[in-house]
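Report on one structure; see the data block that follows.
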Protein chains: 2
Amino acid sequence: MHSFETTIGRLRSEGFKLTPQRLSVIRYLIGNKTHPTAAVIYGDLKKKYPSLSFSTVYNTLNMLEKISEVQSLHLFDDFLNYDPDISSHYHFVCRSCDSIIDIFPREGENVSLPEGDISGNRIESAQVVFKGMCKSCL
Amino acid sequence: MHSFETTIGRLRSEGFKLTPQRLSVIRYLIGNKTHPTAAVIYGDLKKKYPSLSFSTVYNTLNMLEKISEVQSLHLFDDFLNYDPDISSHYHFVCRSCDSIIDIFPREGENVSLPEGDISGNRIESAQVVFKGMCKSCL
DNA sequence: ACGGTATCGAGAATTATTATTGACTTGATA
DNA sequence: TATCAAGTCAATAATAATTCTCGATACCGT
Ligand SMILES: [Mn+2]
Ligand SMILES: [Mn+2]
Ligand SMILES: [Zn+2]
Ligand SMILES: [Zn+2]
């Protein structure tokens, strides 16, 4: 996500109301380096905002995804993970402990993807998911 | 998938019975260059095998995935696509027509991924999904 | 204050996939 | 042939993440 100010500015200009519920979800996500599920977000925020509902969490996440402030990740079978980090990076998923690790490819790490077209199809985004055993599980 | 003979040989050696229902699913998938869903497989086979049930399609797909004869792909929100092509390749998904296009990286197409370890995590497989507009939709 | 609109939360609905169940098939054995 | 055990079938129920519905409420400009 962008900064708090930028994000709420974008929502305002798109015509969304900045309700306390939405702001709580946004504050939860800003600077969050994990990849929480809707259930985790709901569970954590419910403590502080007991009247928050699941629908509102989903609605807010879908709204944020629509304006590309978060990205949903299909890493597991039964649920989505949400990534507030919209910088270009990839993911590693451990098949033993299910942890999700951000991969920021550096020079020499040999992650390179085409941009523009491939076989005549126009690429707009690319997702890379590595699976294996994470450092701690090894 | 491997050849018909190799595949049924593997199933036999793993202790699975080669029932007509399973064989019909296997024959459907061998050489299939699309990425059918369980529902599509069921719908197509139902015409020829009216007593086939959905459970059997799912059970057979899960069995084939367990022995790595097919690969399930989480490309859309609500269902899985199954890929009988187990050679190393990637996918392009068109956001306009939802078609799934195989990407076999060639020399000079600049798709290269690390093997072995990345940041101390052991890579066992990698999935790449490009999204954008396909050639025909452009 | 008033009227129109957006959003809320609660709970129902949706739906792809998985689990359960009881009948049936198969093959080995006596 | 009779019996038995294991595997598999199809029908159906269950599961669970996400979305939808709806009446109530908050907000906004006038
Ligand atoms: Mn991430
Ligand atoms: Mn493919
Ligand atoms: Zn791990
Ligand atoms: Zn297309």
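Note that the structure is a prediction, hence the values are computed from the model and not measured. Lettering follows sequence order; numbering is per chain, from 1.
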Rounded distance in Å - [atom1] ([X]) to [atom2] ([N]):
X     : N      : atom1 : atom2 : answer
A:R22 : C:dA6  : CZ    : P     : 11 Å
A:F76 : C:dT17 : CZ    : P     : 18 Å
A:L11 : C:dA6  : CG    : P     : 16 Å
A:Y42 : C:dG9  : OH    : P     : 9 Å
A:L18 : C:dT7  : CG    : P     : 10 Å
A:E14 : C:dA6  : CD    : C1'   : 16 Å
B:H74 : C:dA16 : NE2   : P     : 14 Å
B:F16 : C:dT25 : CZ    : P     : 23 Å

Query - Residues, nucleotides or ligands: over 12 heavy atoms within 6.0 Å of A:K46 NZ - result: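 Enclosed: over 12 neighbouring heavy atoms sit under 6.0 Å from NZ of A:K46.
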
Donor-acceptor contact below 3.5 Å, side chain [X] vs main chain [Y]:
X      : Y      : result
A:T6   : A:H2   : no
A:N121 : B:K135 : yes
B:R122 : B:G116 : no

| said: With clusters defined by side-chain heavy atoms of hydrophobic residues (ILVMFWY) lying less than 4.5 Å apart, directly or transitively, does B:Y49 cluster with B:I26? | reply: yes

Give a yes/no answer on whether the side chain of [X] brings an N or O atom under 4.0 Å of OP1 or OP2 in [N].
X     : N      : result
B:S51 : D:dA10 : yes
B:T19 : D:dG7  : no
B:T56 : D:dA10 : yes
B:Q21 : D:dA10 : yes

In B/S/- notation (B base, S sugar-phosphate only, - none; protein heavy atoms under 4.0 Å), nucleotides 23-30 of chain D written 5' to 3' is --------

Any non-hydrogen side-chain atom of [X] less than 4.5 Å from a side-chain atom of [Y]?
X      : Y      : result
A:V70  : A:M1   : yes
A:D44  : A:Y28  : yes
A:F104 : A:S87  : yes
B:D85  : B:K33  : yes
A:P114 : B:F130 : yes

| task | Check the angle between the aromatic planes of A:Y58 and A:F54 and answer parallel, tilted or perpendicular using the 30° and 60° thresholds. | result | parallel

Report, one pair per line, the protein and nucleotides 22-24 of chain C atoms (nitrogen or oxygen only) whose separation is under 3.5 Å.
none

Which atoms of nucleotides 18-22 of chain D (N or O only) lie under 3.5 Å from a protein N or O atom, and what are those distances?
residue: D:dT18; atom: OP1; partner: A:L80; partner atom: N; Å: 2.8
residue: D:dT18; atom: OP2; partner: A:Y58; partner atom: OH; Å: 2.3
residue: D:dT18; atom: O5'; partner: A:Y58; partner atom: OH; Å: 3.2
residue: D:dT19; atom: OP2; partner: A:N62; partner atom: ND2; Å: 3.2
residue: D:dC20; atom: N4; partner: A:S55; partner atom: OG; Å: 3.1

When every non-hydrogen atom of B:R22 is compared with those of B:F16, the smallest separation belongs to NH1-CB, 4.0 Å

